[in-house]
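Just so it is clear, the model here is predicted, and its values are computed rather than measured. Below, chain A is the first sequence line, B the second, and so on; all start at residue 1.
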Amino acid sequence: MKPSLPKGTRDFGPLQIRKRNYIFEIIRNTFEIYGYQPIETPAMENLSTLTGKYGDEGDQLLFKILNNGDYLAKADTGALAEKDSKKLLSSISKRGLRYDLTVPFARFLSMNRNELSFPFKRYQIQPVWRADRPQKGRFQEFYQCDADIAGSTSLVYEAELIEIYDKVFAALGLNVKIRLNHRKLLQAFAEHGGLADRFSEFTTALDKWDKTGEQGFREDLKNLGASLDKIDLLIDLINSSVDNESELQTLAQYEIGRAGLDEIAKVRSFLDTEHIQNKVVVDLTLARGLSYYTGCVLEVESKDAKMGSIGGGGRYDDLTGVFGFQGISGVGISFGAERIYEIMEELQLFPELKPSATQVLFLSFDKEDLLYSKKWQSALIRNNIAAEIYPEPAKLKKQFKYAEGTGVPFVAIVGKNERENNSVQLKDQNTGEQQEVNLEQLIDLLG
RNA sequence: GUGGUUGUAGCUCAGCUGGUUAGAGCACCGGAUUGUGGUUCCGGGGGUCGUGGGUUCAAAUCCCAUCAUCCACCCCA
C-alpha cells in the first residue's frame, strides 16, 4: 500500500524535533521563571466538555471519536433515518479530541479545586486538533503553549503575560508587535457608533479591519445598520487612535470606556517598560473571536513575516462557571508553536542544531578493531560522553559518509597501529585535523 | 463549508498544440581508490506518469469524475 498521512498532519524528523524543542524550551523556561506549574490533560475529552464552548463554528471543527463496539446498535434510529447528523452525534460519539488547552484547563480546575492553591498559575504544552481546512501555517494537529492564571482579577497578571510574550520572542530573535485592547473599550466603541445592540457583529467587522481596510469596514457597518455619520466617527477614531493613546480619551465619555481605559492604564503601570524590547500598542481594532473574553485581550504578530497571529490571549471573568465552579476569573496567553516555527525557518533564526548528540564515532578496519572500539565507546559512555561505533568494519569511505550524514563532530579511527599503541586517531570533522590520543586524553578532550 | 492551484523516480522538477523504449539535477548503490569522507570521473538500480472512466489507430499530454496537495476566503494559532 501507498503510505500517506491524514490531512493537515505531519511527521517530524530529528532535525525538526530539535528545532521544535528549541522553541519549546525557551517558552517553558520563561513560564518556569515566572512560577507557572506544568500540567497535562488527555488528548480526548468527553464531548460534553467540549461542545458549546467555541461557538457553532467551533463545534463543527471538533474531531469526534466514534464510540467503540457496535456503535450503531445504540444509535438514535430516528436521527439516522432522517440523516440528521447533528442529532445522531450524541448517540454514536461521546468523546472528542481537545480543541484548545483552555477548556480542558477549566475542567481540570473544577475537578481539582480543593487540591490547588489559588491564584493557580499553570502552563501546558500539548497538541490540539481542529478539523479545519489546512493552509499556510494552519494544521489539523498543532501544538499550543499556554500559560494561564486562575483565581485572581489582579491586573498584575496581564502585565506579566505581556512580559512573557516579550521575553520569549526576544529570546527567539523575533521582532513582534504586541497588540492590546479591552473588551470594555470595544463596548464603548460600539456605543459610540450606535451599535451597542449589535456588539458581536460589530467586533467581527472590526477584527477584519486589517484585511478589509476602511472600505470593507464601511460596508460591513452599513450592513449592520449604522448611520453614515457614525461610521465616519468610528473610522476617524480608529485612524487616529492606533499608536496614539491620547485619542482614546474620546471613549472616556462612556462609563464603560472609562473603566476599560483605567484597566489598560493599570496594566501599563505594572509593565517593566524599561526592559520591554518589543512594541506594545493599544489597538482598537483588536477584537478576538472567542466570545468568552471579558477584559483585556492581546495578540502578537510578527513584524518580519506575513503570517496570522502567532499568539493571543485575554481575560475571561467566568472561566469555570459552566463546570459548576463559580467566581473564578482567568487570564492567559497562548503561543502558536507551528507558526513561530515557520517564521523562524523563513528568517533562518534557528541556531545550528545537529540531529544526533553523538560527540565521536569510532571507525574500524577489522573485527579486532571493532571489539577495541566497543570497549572505548563503553568507557566514554561511562564518562557521560555520547559515543557511537560504526557497527561493522567496512570501507573507510562508507564509514566516513555515515559520519558526515550524522554530523558527528569527531571520528576516532582504530587500526592495528592504534591498538598496539593503546590509542585512536582522533579526527576533527570540521577542520580535518587529526591527532593520536590515548583514552584519558580523549575523555579530557570531549568531556 | 466556498473558490482556485498542483499531482511524472526517494526529493526538486522538465516533458503537455496527442505519435518509438518518459527525461534531468540531487540522493542512493558499485567502481576508479585494500589506512582517511566532503571534489572529480565512469557505471548502475529505481516510474501502475495520483486513481477510475471516456475520446482516439495511438493518452503523461485532450475530456469527465474522484482522491490528495498547496493557496485564498470563513474562522483561527
message: In the structure I gave you, are the side-chain heavy atoms of A:D428 and A:F410 within less than 4.5 Å of one another anywhere?
response: yes

message: Using a 5.5 Å cut-off between ring centres and planes within 30 degrees, is A:F142 stacked on the base of B:rA77?
response: yes

message: Looking at A:Y99, is its backbone amide N or carbonyl O close enough to the side chain of A:R130 to form a donor-acceptor pair, meaning the two atoms are under 3.5 Å apart?
response: yes

query: Would you say the side-chain atoms of A:E263 pair up with the backbone N or O of A:G260, donor to acceptor, closer than 3.5 Å?
result: no

Send over the distance from [X] [atom1] to [N] [atom2], rounded to a whole Å.
X      : N      : atom1 : atom2 : value
A:K401 : B:rG30 : NZ    : P     : 9 Å
A:Y143 : B:rA77 : OH    : P     : 18 Å
A:D207 : B:rC75 : CG    : C1'   : 10 Å
A:E338 : B:rA77 : CD    : P     : 13 Å
A:F24  : B:rA77 : CZ    : P     : 16 Å

statement: Checking B:rG37, B:rG30, B:rC76 against the side chain of A:R339 (C-beta onward), the nearest is B:rC76

- line: Which of B:rA77, B:rG37, B:rU36 is nearest the side chain of A:Q434? It is B:rU36

- prompt: What is the distance from atom CG of A:D100 to atom NZ of A:K53, rounded to the nearest 0.5 Å?
  reply: 10.5 Å

Atom pairs, protein N/O to nucleotides 67-71 of chain B N/O, distance under 3.5 Å:
| unit_1 | atom_1 | unit_2 | atom_2 | d |
| --- | --- | --- | --- | --- |
| B:rC71 | OP1 | A:K136 | N | 3.4 |
| B:rC71 | OP2 | A:Q135 | O | 3.2 |
| B:rC71 | OP2 | A:K136 | N | 2.6 |

- prompt: Looking across every strand, which nucleic acid part, if any, lies under 4.0 Å from A:E299 by heavy atom: base, sugar-phosphate, or nothing?
  reply: nothing

message: Both A:Q425 and A:E57 contact RNA chain B. Which one's nearest nucleotide lies toward the 5' end?
response: A:Q425

message: Any donor-acceptor pair, under 3.5 Å, between the side chain of A:K427 and the base of B:rG37, if you only look at N and O atoms?
response: yes

